[in-house]
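Lettering of chains follows the sequences in order, A, B, ..., and the numbering in each one begins at 1.
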There are 4 protein chains.
Amino acid sequence: MRLRIIATGGTFDKHYDPLSGTLVFRDSVLPTALAHARLADPPAFEPLMAIDSLDMQDSHRQQVLQACERSPEQQIVIVHGTDTMRETAAVLGHAQLQKTIVLTGAMVPCRIADSDALFNLGFACAAAGLAAAGVWVAMNGRLFPWDDVKKNRDAGLFESAR
Amino acid sequence: MRLRIIATGGTFDKHYDPLSGTLVFRDSVLPTALAHARLADPPAFEPLMAIDSLDMQDSHRQQVLQACERSPEQQIVIVHGTDTMRETAAVLGHAQLQKTIVLTGAMVPCRIADSDALFNLGFACAAAGLAAAGVWVAMNGRLFPWDDVKKNRDAGLFESAR
Amino acid sequence: MRLRIIATGGTFDKHYDPLSGTLVFRDSVLPTALAHARLADPPAFEPLMAIDSLDMQDSHRQQVLQACERSPEQQIVIVHGTDTMRETAAVLGHAQLQKTIVLTGAMVPCRIADSDALFNLGFACAAAGLAAAGVWVAMNGRLFPWDDVKKNRDAGLFESAR
Amino acid sequence: MRLRIIATGGTFDKHYDPLSGTLVFRDSVLPTALAHARLADPPAFEPLMAIDSLDMQDSHRQQVLQACERSPEQQIVIVHGTDTMRETAAVLGHAQLQKTIVLTGAMVPCRIADSDALFNLGFACAAAGLAAAGVWVAMNGRLFPWDDVKKNRDAGLFESAR
């Protein structure tokens with residue numbers, strides 16, 4: 001087992017709650033998504049937290065960092081909300097772990113028609129196996145270094161920060 | 001535009017025909033799948049043919065090779081049936097083009113619940129951008145060199161040929 | 001053409017907006033849903049409004065009533081938000097039109113996995129053809145007279161008001 | 001509990017088998033479909049058989065008849081393949097049980113995008129509660145008496161036999 005997938009919440013993992021009419025967190029969709037992916041080497045799956053990335057505090061990012069530090073797998077995919085993906089990537093990037101860490105997420109929840117979640121998950125898993133050690137953001141079919149990425153909220157796209 | 005996606009048919013792209021009760025080809029699902037992927041750089045899309053890979057003849061593989069040769073993009077993803085993906089990969093591999101060519105497909109059609117198609121497409125697109133020039137097969141979350149891959153039909157998994 | 005379907009919005013018809021991360025209205029999903037239903041007699045479809053039923057004012061309900069009055073079809077299905085379905089049903093019920101009017105909706109949007117929308121739509125269409133003239137609410141596999149129905153918000157179920 | 005749902009197989013209930021590349025039967029999709037429908041009164045569910053209706057023999061139809069005879073519920077929905085739905089309906093119709101029996105099915109399997117399965121299931125459940133005692137076929141948004149229905153295979157639609 002060479003790949004670890006860490007769930008932190010975010011749009012990717014949201015469910016619709018029929019009582020409140022809002023999008024909420026429940027059990028992660030990732031075990032089901034990974035079953036569909038028919039992986040030959042099932043990754044280690046770690047549901048670390050289930051929060052909106054706008055609610056992420058420094059302490060949460062430290063938890064994510066610790067999960068990466070203690071991971072016996074050298075390849076790590078982190079499923080994360082898009083709004084502060086860049087901030088978490090920066091915390092991980094500064095730590096300079098000798099692992100390939102790829103953050104991804106989704107603009108549309110996995111359980112909604114037309115979601116980008118499964119594509120992004122596949123993209124991130126490949127990147128975790130092929131990219132150099134370091135911290136990367138995989139969104140919109142692109143792989144960004146952690147220190148050169150920002151979310152363009154008007155366009156709903158990630159782009160270079162320069 | 002750096003990526004070209006070539007559709008050749010295969011399980012990935014099958015539709016259910018309610019009159020015959022069988023799976024058939026119609027317009028490729030790839031334009032819709034790629035729209036969901038929300039790519040920042042929309043790839044060139046080339047619907048080259050729409051056939052079962054068991055029906056692929058040498059002439060079809062030559063068509064695929066020619067499409068790769070004339071592609072101005074250096075990164076190419078080929079969506080292909082799984083049964084003879086290895087054979088087409090070998091034809092392309094022997095040609096030693098200086099491009100990164102990734103063949104992928106699906107064990108379950110894109111339009112059926114629980115499909116691996118979108119994951120595989122994302123995986124292949126990342127691999128086309130990150131792997132060395134050469135010919136690769138991306139299935140089951142693994143990237144195989146064209147000369148070291150086979151389909152294990154009993155398990156429904158691709159594996160090393162050695 | 002004997003059946004008219006009037007869209008007013010509600011959870012049934014909500015789309016996910018990736019920029020705001022909220023559920024919003026766009027083009028109604030009903031033409032697509034009805035195409036899937038493969039109806040031998042395509043119904044008349046009238047997208048009257050697209051609002052949350054909590055935002056429905058008296059003037060909106062009068063618009064719905066007028067749409068029912070002018071409908072040349074005697075069988076009418078109204079797709080409506082669940083929160084004030086009962087109130088609109090009451091306005092229509094007091095008008096005592098000689099038509100069979102069935103209000104339905106969904107607890108989970110049509111475009112989200114596990115939605116009740118298509119089941120409810122089928123249930124309501126059958127009820128519009130089989131129930132007596134009058135105003136009915138079709139939810140949770142039950143058909144309620146307009147003056148004996150309420151939404152139990154804690155359970156997320158419609159039930160008799162008595 | 002007033003409604004019984006009897007599964008017999010048919011297109012409605014088919015799964016895609018990735019190893020053979022064909023549509024096959026596994027566990028019925030009906031428990032999941034019914035959970036999505038959010039019924040206030042969960043029906044009795046009876047998975048009687050799982051076969052193509054083209055494979056139905058007289059003995060199978062007798063089994064269906066016996067299931068209807070012993071059903072304590074007066075309202076029965078039978079999920080059935082479309083090709084011989086009419087023949088099974090005739091066996092049940094001649095038996096003149098004092099129950100409302102509605103046969104339905106799907107032109108596209110429930111698990112495939114664009115399926116008519118959930119609409120038809122909702123339509124049939126409403127018809128089972130509202131139509132007179134007798135045997136009916138619910139397809140294409142229409143309710144046919146058992147002795148006036150045929151499948152038009154060229155159009156993929158059920159129609160009056162007269």
Novice: Taking only Lys NZ, Arg NE, NH1 and NH2, and the carboxylate oxygens of Asp or Glu, determine whether C:D13 and C:R26 approach each other closer than 4.0 Å.
Specialist: no
Novice: Which of the residues C:L34, C:L130, C:D114 is involved in the greatest number of heavy-atom pairs with chain D at under 4.5 angstrom?
Specialist: C:D114
Novice: With a 4.5 angstrom heavy-atom cut-off, is it the side chain or the backbone of C:L157 that approaches chain D, or both, or neither?
Specialist: side chain
Novice: Enter the distance from D:T8:OG1 to D:L48:CG here, rounded to the nearest 0.5 Å.
Specialist: 7.5 Å
Novice: Are the side chains of C:R111 and C:H15 in touch, meaning some heavy atoms are under 4.5 Å apart?
Specialist: yes
Novice: Are C:L92 and C:I78 side-chain neighbours, meaning at least one heavy-atom pair lies under 4.5 Å?
Specialist: yes
Novice: Checking C:L143 against chain D: side chain, backbone, both or neither under 4.5 Å from a heavy atom?
Specialist: side chain
Novice: When you look at C:K99 and C:C68, which way does the side-chain contact (heavy atoms from CB on, under 4.5 Å) test go after all the steps?
Specialist: CA-CA 8 Å; C:K99 294 171 177 170; C:C68 291; 5.5 Å; no
Novice: Between D:G129, D:G141, D:C125, who has the most heavy-atom pairs with chain C when the cutoff is under 4.5 Å?
Specialist: D:C125
Novice: Side chain, backbone, both or neither: which part of C:R142 has an atom under 4.5 Å from a heavy atom of chain D?
Specialist: side chain
